[in-house]
Structures are given as C-alpha cells and as structure tokens.
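Data first, discussion second: the structure below is written as structure tokens.
Not measured: the values here are computed from a predicted model. Numbers restart at 1 for each chain; the letters A, B, ... are given by sequence-line order, proteins then strands.
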2 protein chains.
Amino acid sequence: MSEQQSRGFLLKQRAFLKLYLLDIIDKQKGYGSQMLDDLRKEMKEYGYNPTHSEIYKTLHELYKEGIVSREKKIKGEPGVDFQEIVIYRMTDKGKEEMKLYKKQMKVELERCVGLLNKALHDHYK
Amino acid sequence: MSEQQSRGFLLKQRAFLKLYLLDIIDKQKGYGSQMLDDLRKEMKEYGYNPTHSEIYKTLHELYKEGIVSREKKIKGEPGVDFQEIVIYRMTDKGKEEMKLYKKQMKVELERCVGLLNKALHDHYK
DNA sequence: CAATGAACATGTTGTTCATAA
DNA sequence: TTATGAACAACATGTTCATTG
C-alpha cells in the first residue's frame with residue numbers, strides 16, 4: 001500500500017478514503033454501502049459527498065493489495081431478507097501496513113493543510 | 001470566472017493557481033515563465049511543483065474569460081535579446097470579478113482546511 | 001536557447017448500466 | 001428493492017513535441 005504520495009498539489013480523494021475505510025474496517029463497522037452512508041453523513045457539513053463507486057473502488061484496491069479480506073454474508077435473519085453484503089476484515093499484513101500508511105498520511109495531510117493555509121495567509125491577511 | 005467550486009472533495013489545482021496568478025498579474029509582476037519560476041520557489045517547501053503547461057493553461061483561461069488582457073513584448077533591450085514574452089494585465093471586468101472570486105475562494109479554502117483538519121483530528125488525536 | 005503553446009497521454013473521478021438474490 | 005460491481009464517459013493534469021525569433 002505504500003504507494004507514493006502524489007507529491008504534487010493536494011491529496012487524492014482515494015488516499016483520503018483509504019484512511020477512513022481502514023479505520024472503519026479495523027473497528028468492524030458495517031459493509032460497503034453502510035460505510036458510504038456513514039461517511040456521507042459525517043462529511044456532509046464539509047461539503048464532501050463521496051460516490052458509491054469511489055468507495056467500492058477503494059475497497060477493491062485494499063483487497064487487491066492484501067490489506068483486507070472479503071467475506072460474503074446475508075444481511076438480516078436468513079429467510080427474511082436475502083440481501084447479500086460483503087464484510088471486510090484487516091489481514092495481519094494489513095494491520096502492519098496500516099500503521100505505516102497512517103504515519104505517511106499524517107505527513108501528507110499536514111503538508112496539504114500547510115499549502116492551503118499559505119494561500120489563506122497570502123491572500124487574506 | 002464565477003464557475004462552480006467543485007463542491008466535491010478538495011480544491012482543484014487550477015482554482016488555486018488562478019488565485020495566485022491573479023494576484024501576480026494585479027501587481028504587474030513578470031510574464032508566464034517568470035511566474036512559474038517564482039511560484040515554484042515559493043511552493044517548494046510545501047512539496048508543490050507546478051508544471052509550465054498548467055500555468056499557461058490557467059493564463060489562457062483567464063484571457064478567454066476576459067479577466068486579463070495580453071500584450072507581446074521583447075525582453076531586454078531590442079537588438080540584444082529577441083526573446084518574445086507575453087505580458088498580462090487585469091481588465092476592468094477582471095478587477096471586479098477578482099474581488100468576487102477571492103471571496104468565493106476564501107470560503108472554499110476554509111472548507112478544505114476544515115476537511116483535512118477533520119481527518120487529522122479523527123485519526124491522530 | 002528561452003518562452004510559449006499545442007498535442008498527446010495518463011490519471012482521477014463521476015455517471016450509468018448490469019446483476020444477484 | 002439494496003448492495004455490489006463493472007463499463008463507460010468526463011474531467012483534470014502531466015509529458016512530450018513544435019514553433020518562434
């Protein structure tokens with residue numbers, strides 16, 4: 001997962017979502033569609049409304065990288081609701097890599113805040 | 001110029017550059033290639049290294065929108081150096097729109113800082 | 001060669017369509 | 001229907017090539 005941070009302008013959405021999704025998965029909270037709903041509620045006041053496909057693509061990427069494992073389940077009591085969902089769990093490798101990723105992301109987030117604050121300072125002070 | 005702010009994730013690079021380029025042009029500082037060098041120096045410590053084509057494309061956009069005017073000049077004393085450069089100036093319309101744009105951008109920059117600080121808070125506190 | 005610009009290629013994200021149970 | 005996923009389209013950006021004097 002230790003792909004290069006873009007080292008360009010600002011953070012990519014995908015990297016931001018990974019941080020949140022890893023945390024959600026680590027805490028065993030829900031499945032994809034649920035994560036989407038939760039994130040949307042949480043981010044709403046910041047004007048950010050992620051799309052379902054971006055969430056799924058991020059989850060797939062984490063899976064392909066071996067950071068998380070997948071397991072299909074039936075939601076609700078069997079016989080009542082046949083909706084199939086996908087549950088994610090951190091792999092052992094994932095738990096290790098998550099630590100590293102979080103460290104990198106802290107630096108990257110701070111860099112971005114610095115850049116934006118610079119713009120605020122340069123133009124509004 | 002009052003195009004919609006993406007209202008999505010973070011600010012687009014183009015919007016960020018506009019803010020700086022408008023300011024540079026308003027202060028009558030240099031031509032494209034010069035602006036690029038200056039911005040690179042200024043942004044270097046924030047890990048941001050804009051490309052020449054992004055600068056030029058942004059300048060072209062401002063021109064097409066009628067925010068700035070263009071004038072070709074010869075750099076240095078004529079006869080010594082024939083390098084042609086393009087000088088930009090704010091139009092009257094541009095001066096008006098710049099005020100509005102800056103107001104919008106302040107809100108947008110603060111929104112983005114808010115989103116990033118939320119991530120820092122959620123994951124590192 | 002410095003500056004500008006266009007063409008081209010890639011990356012990133014959003015919208016729409018498809019499928020299962 | 002809800003959840004998942006893929007296919008497709010659009011946009012944003014970077015890299016390379018071309019031109020001019």
Side-chain angles (χ1 to χ4, degrees), chain A residues 3-18 21 24-25 29-40 43 47-64 68 70-88, chain B residues 3-18 21 24-25 29-40 43 47-64 68 70-88:
Chain A
E3 72 268 31
Q4 256 351 60
Q5 277 326 127
S6 58
R7 280 289 120 203
F9 181 51
L10 296 178
L11 188 71
K12 294 293 179 289
Q13 182 181 183
R14 184 73 56 95
F16 182 90
L17 283 177
K18 266 189 193 175
L21 293 177
I24 290 172
I25 294 168
K29 286 188 182 167
Y31 48 95
S33 171
Q34 183 79 59
M35 299 182 202
L36 176 64
D37 289 347
D38 291 349
L39 282 177
R40 280 181 168 166
M43 302 295 171
Y48 175 40
N49 189 46
T51 64
H52 86 274
S53 80
E54 198 54 31
I55 300 284
Y56 286 123
K57 279 184 276 186
T58 307
L59 289 170
H60 296 344
E61 202 172 297
L62 289 172
Y63 177 65
K64 272 190 295 179
V68 301
R70 289 166 45 100
E71 188 186 343
K72 292 197 178 183
K73 287 213 172 162
I74 303 297
K75 184 176 153 188
E77 310 88 63
V80 179
D81 186 344
F82 294 100
Q83 184 61 58
E84 208 176 32
I85 59 177
V86 179
I87 299 290
Y88 291 89
Chain B
E3 72 269 31
Q4 254 356 58
Q5 275 331 122
S6 57
R7 278 293 121 203
F9 180 53
L10 296 178
L11 188 71
K12 293 292 178 290
Q13 181 181 184
R14 184 72 57 94
F16 182 90
L17 283 177
K18 265 189 194 177
L21 292 176
I24 289 172
I25 294 168
K29 285 189 183 166
Y31 49 96
S33 171
Q34 182 79 58
M35 299 181 201
L36 176 64
D37 290 346
D38 291 350
L39 282 177
R40 280 181 168 166
M43 302 296 170
Y48 174 40
N49 189 44
T51 63
H52 85 275
S53 78
E54 197 54 31
I55 300 285
Y56 285 124
K57 277 184 276 188
T58 307
L59 288 170
H60 296 342
E61 200 171 298
L62 289 172
Y63 177 65
K64 271 190 295 181
V68 301
R70 290 167 44 102
E71 188 186 345
K72 293 198 178 181
K73 286 213 172 162
I74 304 297
K75 184 176 153 188
E77 311 87 64
V80 178
D81 184 345
F82 293 101
Q83 185 61 60
E84 208 175 33
I85 59 177
V86 178
I87 299 289
Y88 291 89

Between CD of A:Glu71 and C1' of D:dA3 the distance, given in whole Å, is 16 Å

Per atom distances to the B:Tyr88 side chain, the nearest of D:dA12, D:dA3, C:dG5 is C:dG5

Here the distance between atom C1' of C:dA2 and atom CD1 of B:Ile55, to the nearest Å, is 16 Å

So OH of A:Tyr88 and NE2 of A:His60: to nearest 0.5 Å the spacing works out to 5.5 Å

Taking five pairs at each terminus, the helix from C:dC1-D:dG21 to C:dA21-D:dT1 shows an axis bend, to 10°, of 20°

Paired with B:Val68, the side-chain contact (heavy atoms from CB on, under 4.5 Å) test is passed by just one of B:Ile87, B:Ile25, B:Leu59, B:Leu21, namely B:Ile25

From CG of B:Asp37 across to C1' of C:dA3 the rounded distance in Å is 11 Å

Across all chains, not counting sequence neighbours, the side-chain contact (heavy atoms from CB on, under 4.5 Å) partners of A:Arg40 are A:Leu36, A:Asn49, A:Pro50

Taken to the nearest whole Å, OH/A:Tyr63 to P/D:dT4 is 15 Å

Result for side chain to side chain donor-acceptor pair (under 3.5 Å) between A:Tyr31 and one of A:Lys72, A:Glu71, A:Lys75 points to A:Lys75

Under 4.0 Å between a side-chain N or O of B:Tyr56 and OP1 or OP2 of C:dT4? yes

Report task. List the steps and the verdict of side-chain contact (heavy atoms from CB on, under 4.5 Å) for B:Ile55 and B:Leu17. Result -> CA-CA 7 Å; B:Ile55 300 285; B:Leu17 283 177; 4.0 Å; yes

Margin query: So, does A:Arg70 get its side chain near the phosphate of D:dG5, meaning an N or O under 4.0 Å from OP1 or OP2?
Written below: yes

Closest non-hydrogen contact found for B:Lys12 with A:Phe9 is C-CE2, 3.7 Å

So do the side chains of B:Ile24 and B:Asp38 get within less than 4.5 Å of each other, counting heavy atoms only? no

Side-chain contact check for A:Ile85: nearest option of D:dA3, D:dA6, D:dG14 is D:dA3

Here the distance between atom C1' of C:dG14 and atom CG of A:Leu17, to the nearest Å, is 13 Å

Is a salt bridge present between A:Glu84 and A:Lys73, judged by a nitrogen-to-oxygen distance below 4.0 Å? no

A:Tyr48 and A:Gln13: side chain donor to acceptor below 3.5 Å: yes

task: Return no unless some side-chain N or O of A:Gln34 is found under 4.0 Å from OP1 or OP2 of D:dT2.
output: no

note: A:Lys12, atom NZ; D:dT13, atom P; distance rounded to Å ~ 8 Å

In whole angstroms, the gap separating P of C:dT12 from NE2 of A:His60 amounts to 18 Å

Between N or O atoms, less than 3.5 Å apart, protein on one side and nucleotides 15-21 of chain C on the other: list the pairs.
unit_1: C:dT15; atom_1: O4; unit_2: A:Ser53; atom_2: OG; d: 3.0

Check your understanding: OP1 or OP2 of D:dA3 sitting under 4.0 Å from any side-chain N/O of A:Tyr31?
Key -> yes

B:Arg14 CZ to D:dG14 C1', in whole Å, measures 12 Å

